[in-house]
Amino acid sequence: MSEYTPEEIHHHVKTYVMVFVALAALTIITVSISYLDLGVLPAVTLALIVASIKGSLVACYFMHLISEKVTIYWTLLVTLAFFLVLMFVPLSTMLVQAKV
Amino acid sequence: MDIPFTVKERPDTGLYNGKLGIWLFLASEVMLFGGLFSAYVFLRTGAESWPVGSDILNVPMATLNTMFLITSSVTMVMSWASLKLNDFGKFKMYLGFTILLAFGFLVVKYFEYTAKFEHHLYPSTNNFLGIYFTMTGLHVLHVVGGIIVIFYFLVPGNKMWQSDPDRFVNRIEIVGLYWHFVDLVWIFLFPVFYLL
Amino acid sequence: MLELLRYFGLPTFSASTQGPAIDNINVLAHWLMALLFVGWGAFFIYTLFRFRASKNPKANYQGIRSHFSSYLEVVIGVIEVVLLLGFAIPIWASRVNDVPKGPDAIHIRVVGQQFAWNIHYPGPDGVFGAISVDLVDEVENPIGLDRSEEFAKDDIFTVNQLHIPVNTPINISLSTKDVIHSFTLTELRVKQDAIPGMEIPVWFEATMTTDELLEEIKGTAREGRGFEIACAQLCGLGHYRMKGFMTIHEMDGYEAWLAEEQEYLSEEEEDDWEDDWED
Amino acid sequence: MSTDYHKESFFTKYIWSTDHKIIGLQYGITALLWLLFGFILMMIMRYQLAYPESPIPIVGALLGDGGLLPPEMYNSLGAMHGTIMIFLGVVPLAFGAFGNYFLPLQIGAIDMAFPKLNATSYWMYFVGSVVMVTGFFVPGGAANSGWTSYPPLSNIATTGQTVWLCGMVFLITSSLLGSINILATVIQLRTEGMNWMRLPIFVWVQFITAFLLLLAFPPLEAASVLQLMDRLAGTSFFMPSGLVVSGVALSNAGGGSPLLWQHLFWFLAHPEVYVLILPAFGIVVEVIANNTRKPIWGYKSIVYAVVFLGFMSFIVWAHHMFITGMGTSMSSFFQTTTMIISIPSVVILTALFMSLWGASIRYNTPMLFALGFLPMFGIGGLTGLPLGLAAADIYLHDTYYVIGHFHYVVAPGTIFALFAGIYYWFPKMTGKRMNETLGKLHFFFSLIFMNGVFLPMMAQGLAGVSRRLWDGGEMYAHAAGVLYLNEVMSISAWLLGMTQIFFIVNMIISLMSKKTGESNPWGATTLDWSATTSPPLGHGNFEVVPTVYRGPYEYSVPGADKDFTPQNEKV
Ligand code: HEA
Ligand code: HEA
Ligand code: CUA
Ligand SMILES: [Cu+2]
């Protein structure tokens with residue numbers, strides 16, 4: 001178990017509440033953006049940016065990634081690399097597929 | 001002889017076994033959902049036409065669900081913090097809220113699914129609905145799994161708080177990590193299916 | 001090396017313009033393999049013999065000091081780069097990019113199905129007629145050609161009979177009706193998967209006619225058996241018997257064949273029109 | 001037993017055991033039985049290939065139909081042979097059994113990090129494997145679309161395919177749990193002094209293998225779920241619209257792509273082939289270090305090569321898909337990565353060859369198998385090169401050349417390494433030795449017949465004979481010249497099967513023999529041999545948890561009194 005003093009925990013709790021507010025706000029923002037007619041590319045980009053911010057907030061604060069150990073960082077870094085490969089390499093292969 | 005570092009951290013890695021274990025598990029989950037997201041992008045890019053999610057799906061309901069999960073993530077982490085502060089009563093309260101919110105999520109999802117079926121929108125209708133049902137369905141299974149585990153620690157498993165409190169806190173932390181991950185997946189599912 | 005590969009089964013003829021290039025890269029790759037295998041094999045056997053315990057009871061803690069192996073690894077790397085840049089990638093680029101589109105190229109559609117190859121010629125107008133899945137009839141109209149459409153009237157299709165002229169660029173649009181097949185012309189070193197939902201170009205230029213082939217293989221085990229279209233991808237229980245025949249003519253022979261097919265077509269149309277309604 | 005502080009019932013001791021050694025044995029026995037089963041399937045198929053028109057002897061009676069093997073049954077047997085050999089045989093043996101049993105011992109751990117998870121993963125595997133073969137009993141027989149299960153063929157296949165997918169989901173889950181356990185164990189439970197550069201190579205390869213399983217398997221799980229949806233819920237992820245199967249137009253919504261499956265499948269299946277080979281490398285390194293009585297040459301280069309290999313194995317997968325109509329840029333990318341990934345294998349093999357120089361080589365059975373591995377893997381690996389060059393692959397793809405390529409790496413390659421491991425560690429597991437004469441007979445005959453089966457495949461492949469042909473190519477003109485090889489291969493395969501009797505008999509008589517009482521019969525340096533007795537204590541492994549003072553292969557250290565200096569020996 002990680003060693004935190006009660007003061008630190010109280011401080012954490014404050015952070016959690018702030019993060020929660022941010023998440024809620026971002027949810028509302030992303031929904032509102034979706035009602036604007038932005039066109040596909042900007043809409044996708046914006047939505048993914050917002051989602052990534054929300055995701056990072058959850059990961060960094062709720063999951064304490066902001067102060068994690070190197071082993072975990074390395075594991076996740078490798079995972080992230082392969083995740084990106086998995087997301088984009090099949091796609092680019094399809095896009096340059098030989099077609100008549 | 002007991003296996004070392006189940007409770008205390010190993011000095012050179014700074015981790016106890018369970019924490020490393022759950023992160024490894026989450027790494028594999030990233031790749032699982034990665035495979036599905038990759039399939040989604042692949043299908044969508046290759047499709048001649050792709051429906052706009054908000055035309056078919058219910059955005060307000062999903063927004064509500066997003067709120068449910070976000071809130072449940074906070075209550076989850078609060079319950080862990082309460083344990084850290086030695087406040088067992090608060091811990092139980094927060095964990096209880098977490099379960100309630102998770103059920104709230106499931107109930108909303110149930111109404112969403114049945115509404116789709118009533119309109120004769122099935123997974124087989126088109127690939128958008130197919131991948132929507134598959135991915136959200138798999139996510140729902142994760143939520144159900146989470147509920148079972150959280151319930152275990154809320155009721156039958158909480159005796160460990162007396163016998164081995166440090167270990168109990170660790171376990172709650174681990175469950176928390178899992179639960180936040182489920183939330184995180186939803187944070188991406190939500191815009192991808194409902195808003196884009 | 002080419003002789004060696006041929007001794008081990010590689011067909012002794014390679015009946016298309018790109019065939020020799022593909023054989024060539026195979027030969028080069030096998031040279032690399034043979035050098036590595038023989039080199040290390042000799043070293044291996046020598047050490048096994050020289051350093052057996054009965055002869056060399058005390059092992060040397062240091063072992064080999066030389067770093068020739070690192071140079072060897074670098075050399076292998078360099079050879080691989082040469083194979084890639086000098087041969088493999090250019091051959092591939094030509095395969096993908098040089099699809100002949102000009103008027104002198106012959107354009108044919110090939111549609112795989114369980115377990116046959118349907119060949120579709122555009123006919124004299126040079127344009128393929130419309131196709132529709134709803135019209136597919138396994139016996140009468142396996143590719144679902146819409147004869148009522150303007151360009152379709154003169155189209156010819158055959159089952160398992162591909163006829164092409166020699167020394168002419170052939171451009172095949174490959175597709176399939178059901179599952180994945182793989183269009184394979186072994187003697188021409190041509191292979192391409194047919195993927196459902198896609199139409200993929202395959203092109204080649206034959207350099208040998210069927211008559212020449214039959215001459216060439218006299219006295220061998222395959223005597224009397226001409227060119228075939230094989231299927232290389234598992235496509236179900238009849239995968240093993242999914243075989244088409246390919247006849248490579250001289251240009252005039254090809255044209256004669258086309259004309260003959262055209263004739264059949266017009267005859268068929270004449271006596272088909274009325275009977276068809278009755279049954 | 002000093003540490004067996006609680007009494008265990010038979011059930012908790014042998015069935016629901018959480019002791020990594022018992023679980024390792026469970027894995028091992030189950031996997032060996034599946035290997036045998038997979039091999040029997042292949043011996044039946046080889047009869048069909050050699051004598052296409054005649055009824056199968058012995059098992060023919062089970063087939064009905066006058067003992068003839070119908071084509072769809074042939075396809076079932078082929079798909080199941082591939083699946084069983086890989087997912088039920090080699091991976092559980094190499095990773096589940098050897099990894100479970102010896103990895104904790106080699107790093108001085110008293111068990112795996114999560115013993116209950118360990119038991120769960122074995123039972124998942126067991127259930128998955130049983131599910132997998134129940135496919136034979138459903139209408140239409142077992143999965144018959146190849147181990148690669150390419151849709152749309154697999155989408156429209158009989159129920160066996162659904163069973164296959166369900167089995168896969170179990171097996172994948174099992175592998176995931178197993179790999180989490182191995183990773184956590186290596187990271188967390190290394191004993192004092194066992195730092196990363198003192199790990200035996202065997203531990204390193206298991207560690208990287210676990211990473212491959214952890215990150216490569218989930219996409220196949222995703223793909224399996226998608227295919228299950230296609231088959232059961234009527235979606236069309238892998239099917240475009242407008243398909244006509246046997247004259248009937250399919251009414252699916254369409255819009256899917258068969259290539260999506262291929263990407264997700266090979267994203268797993270390429271790393272998977274390194275999952276098959278890496279543990280084999282590890283075993284071979286252990287055995288060779290021990291029997292050359294000198295340190296492995298280039299320990300570090302092997303470690304870096306293995307890590308690099310693991311990393312690269314995630315970005316080469318589409319070399320299995322060159323012929324699907326790939327464009328120039330992507331094909332160049334995958335050719336290049338494929339060529340790059342061949343270098344670390346060369347580095348590893350080179351290091352092993354160099355290790356032989358200056359050695360004092362003992363030719364016992366494990367060593368023979370390990371040495372046999374080297375040229376056999378060499379042939380297999382080298383034949384991978386023309387396949388990796390897309391231009392050459394145009395001709396070789398889906399021919400018996402590919403079958404020959406990978407059988408050289410998995411059969412006389414990995415299987416030999418696994419045999420080496422069994423002969424090498426048998427004394428550790430049982431306290432008894434295996435018979436050397438029988439072992440050597442097993443080796444030499446296996447070597448001959450393995451080559452008798454797989455070398456002719458190269459010739460057939462060069463002649464252009466396709467794989468998965470029920471009649472062995474009789475139909476096709478281009479196969480005419482090499483058709484006689486079918487019989488040669490089949491006879492070799494059956495003789496290879498007979499040869500395994502030496503092994504089975506050897507197992508049985510060795511198990512019945514008396515214990516030798518030696519704890520370290522090979523004079524080995526790693527902790528599994530030197531820090532604990534043979535067979536190891538029950539739960540807990542060590543009397544005193546060892547401390548490590550040096551690298552893993554300190555043999556023939558100048559000035560030392562014996563020719564090996566164990567890792568835990570304080571000088
Ligand atoms: C353990 C399994 C394993 C291993 C290690 C490998 C290793 C390699 N494989 Fe193989 N492969 C498979 C299992 C394996 N493969 C399987 C199962 C298939 C078919 C799947 C299917 O379709 O069903 C396949 C198919 C396959 C294909 C697709 C072919 C096709 O379908 O058209 C390709 C193409 O690039 C390929 C390439 C390679 C390469 C470049 C390596 C390299 O990593 C090899 C590197 C090794 C070396 C270069 C050897 C070094 C040698 C020496 C240093 C000298 C030795 C000399 C002496 C001993 C004397 N493999
Ligand atoms: C790890 C993988 C593995 C292994 C080890 C093997 C081993 C063998 N394989 Fe297999 N094979 C595949 C994986 C493997 N194969 C795959 C993936 C395919 C492709 C399938 C597809 O098309 O989809 C294939 C296809 C395949 C084909 C092509 C079929 C076709 O295309 O139609 C053939 C043909 O001869 C063949 C033959 C053999 C033979 C003779 C062996 C022999 O080497 C077997 C030797 C086995 C042993 C030596 C094991 C002995 C074990 C014991 C004796 C245990 C003793 C037990 C106790 C003590 C309890 N295999
Ligand atoms: Cu068509 Cu095989
Ligand atoms: Cu591969």
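Hydrogens, waters and symmetry mates are skipped; everything else that's a heavy atom, side chains included, is used. Residue numbers begin at 1 in each chain, while the letters A, B, ... track the order of the sequences.
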Worksheet item: Are the ring centres of C:Phe51 and D:Trp357 closer than 6.0 Å?
Response: yes
Discussion item. Measuring centre to centre across the rings, with the benzene-like ring taken for any Trp, is D:Phe322 within less than 6.0 Å of D:Phe334?
Written reply: no
Discussion item. If I compare all heavy atoms of D:Pro70 with all of D:Trp470, which pair ends up nearest, and what's the gap?
Written reply: C-NE1, 3.7 Å
Out of [options], return the one with the most heavy atom pairs under 4.5 angstrom to chain D.
{"options": "C:Ala59, C:Gly236, C:Gly238", "answer": "C:Ala59"}
{"options": "C:His30, C:Arg6, C:Gln62, C:Glu187", "answer": "C:His30"}
{"options": "C:Gln18, C:Lys191, C:Lys177, C:Lys243", "answer": "C:Lys191"}
{"options": "C:Pro196, C:Ala88, C:Gly197, C:Ala221", "answer": "C:Pro196"}
{"options": "C:Leu10, C:Asn60, C:Ile64", "answer": "C:Ile64"}
{"options": "C:Ile91, C:Ile217, C:Ile89", "answer": "C:Ile89"}

Would you mind checking which part of [X] comes under 4.5 Å of any heavy atom in chain C, side chain (CB onward), backbone (N, CA, C, O), both or neither?
{"X": "D:Ile394", "value": "both"}
{"X": "D:Ser466", "value": "side chain"}
{"X": "D:Pro386", "value": "both"}
{"X": "D:Pro456", "value": "neither"}
{"X": "D:Pro152", "value": "both"}
{"X": "D:Leu153", "value": "both"}
{"X": "D:Trp297", "value": "side chain"}

Do [X] and [Y] have side-chain atoms, one donor and one acceptor, less than 3.5 Å apart?
{"X": "D:Tyr401", "Y": "D:Gln460", "value": "no"}
{"X": "D:Thr324", "Y": "C:Asp193", "value": "no"}
{"X": "D:Asn290", "Y": "D:Tyr555", "value": "yes"}
{"X": "D:Ser342", "Y": "C:Glu80", "value": "yes"}
{"X": "C:Arg95", "Y": "C:Gln192", "value": "yes"}

Against chain C, work out which of [options] has the most heavy-atom pairs shorter than 4.5 Å and name it.
{"options": "D:Asn144, D:Asp393, D:Val347, D:Val245", "answer": "D:Val347"}
{"options": "D:Leu485, D:Leu371, D:Thr399", "answer": "D:Leu371"}
{"options": "D:Ala249, D:Ser241, D:Gly242, D:Gly464", "answer": "D:Gly242"}
{"options": "D:Leu396, D:Leu250, D:Thr148, D:Val482", "answer": "D:Leu396"}
{"options": "D:Gly481, D:Gly461, D:Ser331", "answer": "D:Ser331"}
{"options": "D:His478, D:Arg467, D:Glu72", "answer": "D:His478"}

Worksheet item: Should we count CZ of C:Phe68 as having more than 12 external heavy atoms under 6.0 Å?
Response: yes
Worksheet item: Taking everything shown except C:Tyr7 itself, do over 12 heavy atoms lie less than 6.0 Å from its OH?
Response: no
Under a 4.5 Å heavy-atom cut-off, does chain D meet the side chain of [X], its backbone, both or neither?
{"X": "C:Ile195", "value": "side chain"}
{"X": "C:Phe43", "value": "side chain"}
{"X": "C:Gln233", "value": "both"}
{"X": "C:Leu213", "value": "neither"}
{"X": "C:Leu32", "value": "side chain"}
{"X": "C:Thr47", "value": "both"}
{"X": "C:Asp23", "value": "neither"}

Discussion item. Assess the residue pair C:Trp117 and C:Phe183 against the criterion (ring pair (Phe, Tyr, Trp, His ring centres under 6.0 Å)); give the C-alpha distance rounded to whole Å, side-chain angles, the decisive distance to 0.1 Å, and a yes or no.
Written reply: CA-CA 9 Å; C:Trp117 295 105; C:Phe183 178 79; 5.5 Å; yes
Discussion item. Just so I know, are the side chains of D:Ser145 and D:Tyr150 near enough to count as touching, which here means a heavy-atom distance under 4.5 Å?
Written reply: no
Practice prompt. Would you mind reporting whether D:Val402 and D:Leu387 have side-chain heavy atoms less than 4.5 Å apart?
Written response: yes
Fill in: Under 3.5 Å: donor-acceptor pair, side chain of D:Gln335, backbone of D:Ala390
yes
Worksheet item: Under 3.5 Å, is there a donor-acceptor pair between the side chain of C:Glu228 and the main chain of C:Phe245?
Response: no
